[in-house]
Colleague: 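Let me give you the structure first, and then I'll get to my questions.
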Amino acid sequence: MPIRSSLFNIIFKSFSTSTRCNQIIKLTRLRVVDNSEIGKQAMMEGKPPRCIHVYNKIGVGYIGDKVLVAIKGEKKKGILVGLRQRQNPKVPRFDSNNIVLIDDNGTPLGTRIHVPIPHILRTIMKEKTHSKGADYTKVLAIATRFI
């Protein structure tokens, strides 16, 4: 009997029974989709950035929200441009959680976004841009494809 249980433990050691979390919360792994230098290095090394904080009241990130991420031992801010979680009607659902890295005043660190981004992001970014605050429409300017 002990042989059977030890064999069971060896086979199913990497098997997880917890449900998959499709929400953007703390410690969620994200995928950098712009061509920023720090983002390319982190994705090449297989150490994607992890979410540290979501800048909204409920603590769950949705499309267009600003997040704080830990990437290569540094803290950077980013904007969520594609999510795996269930979306509102007419908003596409992606295979991965995509992020574009920005600096403190909303300027993207990269010069190009490699994946298509949702068209609804235009209205979301225009609402979040203030005259005295950060200008998030620059993220839309470097995007090449919209869905």
Side-chain angles (χ1 to χ4, degrees), residues 8-147:
F8 181 78
N9 288 337
I10 292 170
I11 293 173
F12 292 105
K13 188 174 185 179
S14 63
F15 183 74
S16 175
T17 58
S18 63
T19 60
R20 178 180 287 179
C21 181
N22 290 333
Q23 296 178 335
I24 303 297
I25 54 174
K26 290 183 180 179
L27 297 181
T28 302
R29 280 182 256 151
L30 303 165
R31 180 177 148 217
V32 179
V33 294
D34 60 359
N35 63 346
S36 60
E37 199 60 40
I38 191 167
K40 284 194 291 189
Q41 288 176 359
M43 296 308 285
M44 291 279 288
E45 292 175 6
K47 296 181 179 178
R50 287 184 176 260
C51 178
I52 298 175
H53 181 71
V54 180
Y55 291 102
N56 62 15
K57 293 181 181 178
I58 56 175
V60 176
Y62 294 104
I63 202 157
D65 282 347
K66 191 166 75 165
V67 294
L68 183 68
V69 295
I71 180 168
K72 291 186 65 70
E74 298 178 26
K75 291 193 284 188
K76 297 283 182 186
K77 292 180 182 173
I79 293 181
L80 297 170
V81 294
L83 303 179
R84 291 182 65 164
Q85 67 192 18
R86 187 164 300 194
Q87 300 292 325
N88 293 333
K90 297 186 180 179
V91 178
R93 184 176 175 188
F94 288 80
D95 291 339
S96 60
N97 295 318
N98 299 333
I99 189 172
V100 174
L101 297 176
I102 58 172
D103 58 4
D104 290 333
N105 58 357
T107 306
L109 298 180
T111 57
R112 179 172 291 159
I113 297 177
H114 298 299
V115 299
I117 62 174
H119 197 72
I120 193 87
L121 203 60
R122 285 183 187 269
T123 57
I124 293 171
M125 289 296 163
K126 286 180 184 174
E127 290 172 4
K128 292 188 178 191
T129 299
H130 304 293
S131 59
K132 294 181 181 177
D135 186 17
Y136 298 120
T137 56
K138 294 177 185 176
V139 173
L140 301 172
I142 66 171
T144 55
R145 293 175 287 177
F146 291 92
I147 296 179

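Counting begins at 1 with the first residue of the sequence. Computed from a predicted structure; not experimentally measured.
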Colleague: Taking all heavy atoms of Ile24 and all of Gln85, pick out the closest pair and write down the distance.
Modeller: N-OE1, 3.7 Å

Colleague: Any side-chain heavy-atom pair from Leu140 and Ile117 closer than 4.5 angstrom?
Modeller: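 They are in side-chain contact.
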
Colleague: Determine the sole option in Asn98, Leu80, Ile79, Leu121 for which the side chain to side chain contact (heavy atoms under 4.5 Å, CB included) test with Ile63 is passed.
Modeller: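 Running side chain to side chain contact (heavy atoms under 4.5 Å, CB included) over Asn98, Leu80, Ile79, Leu121 with Ile63 returns exactly one hit, Leu121.
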
Colleague: Using every non-hydrogen atom in the two residues, find where Thr107 and Asn105 come nearest and quote the distance to one decimal.
Modeller: OG1-OD1, 3.3 Å

Colleague: Is there a side-chain contact between Gln41 and Ile71, using heavy atoms and a 4.5 Å cut-off?
Modeller: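 In short, these two side chains do not touch, never coming nearer than 4.5 Å.
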
Colleague: Test: salt bridge (Lys or Arg N to Asp or Glu O under 4.0 Å). Region: residues 46-65. Which pairs qualify, not counting sequence neighbours?
Modeller: Asp65-Lys128

Colleague: Under the 6.0 Å and 45° cation-pi test, does Arg84 pair with Phe94?
Modeller: no

Colleague: Check the pair Asn97, Thr28 against side chain to side chain contact (heavy atoms under 4.5 Å, CB included), reporting the backbone distance first and the verdict last.
Modeller: CA-CA 9 Å; Asn97 295 318; Thr28 302; 3.9 Å; yes

Colleague: Would you sort out whether Asn56 and Lys66 count as a side chain to side chain contact (heavy atoms under 4.5 Å, CB included), showing the intermediate values?
Modeller: CA-CA 8 Å; Asn56 62 15; Lys66 191 166 75 165; over 6 Å; no

Colleague: For the atom pair CE (Met43) and OG (Ser36), what is the distance rounded to the nearest 0.5 Å?
Modeller: 10.5 Å

Colleague: Between Pro118 and Ile147, is any pair of side-chain heavy atoms under 4.5 Å apart?
Modeller: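 The answer is no; the side chains never approach within 4.5 Å.
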
Colleague: So how far is it from Ile120 CD1 to Phe146 CZ, rounded to the nearest 0.5 Å?
Modeller: 12.5 Å

Colleague: Side chains of Asn35 and Thr111: do they bring a donor and an acceptor to under 3.5 Å?
Modeller: yes

Colleague: List for me each residue that meets side chain to side chain donor-acceptor pair (under 3.5 Å) alongside Glu45, sequence neighbours excluded, and say none if there are none.
Modeller: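 Applying side chain to side chain donor-acceptor pair (under 3.5 Å) to Glu45 gives Lys72.
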
Colleague: Does Leu68 have any side chain to side chain contact (heavy atoms under 4.5 Å, CB included) partners at least two apart in sequence or in another chain, and if so, which?
Modeller: Ile52, His53, Tyr55, Lys75, Lys77

Colleague: Flag yes if more than 12 heavy atoms outside His119 fall under 6.0 Å of its NE2 atom; otherwise flag no.
Modeller: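 It does not: His119 NE2 has 12 such atoms or fewer within range.
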
Colleague: Could you check if a side-chain atom of Val54 sits within less than 4.5 angstrom of a side-chain atom of Ile25, using non-hydrogen atoms only?
Modeller: no

Colleague: First locate atom CZ of Arg31, then atom CG of Asp95, and finally report the distance between them rounded to the nearest 0.5 Å.
Modeller: 8.5 Å

Colleague: Shortest non-hydrogen contact from Val69 to Cys51?
Modeller: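 That closest heavy-atom pairing would be CG1-CA, 4.2 Å.
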
Colleague: For the residue pair Pro49 and Lys76, establish whether any side-chain heavy-atom pair is separated by less than 4.5 Å.
Modeller: no

Colleague: Are Glu37 and Leu109 close enough that some pair of their side-chain heavy atoms sits under 4.5 Å apart?
Modeller: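 They are not in contact (no side-chain heavy atoms under 4.5 Å apart), so the answer is no.
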
Colleague: Can you check whether Val32 reaches Leu101 side chain to side chain, under 4.5 Å on heavy atoms?
Modeller: yes

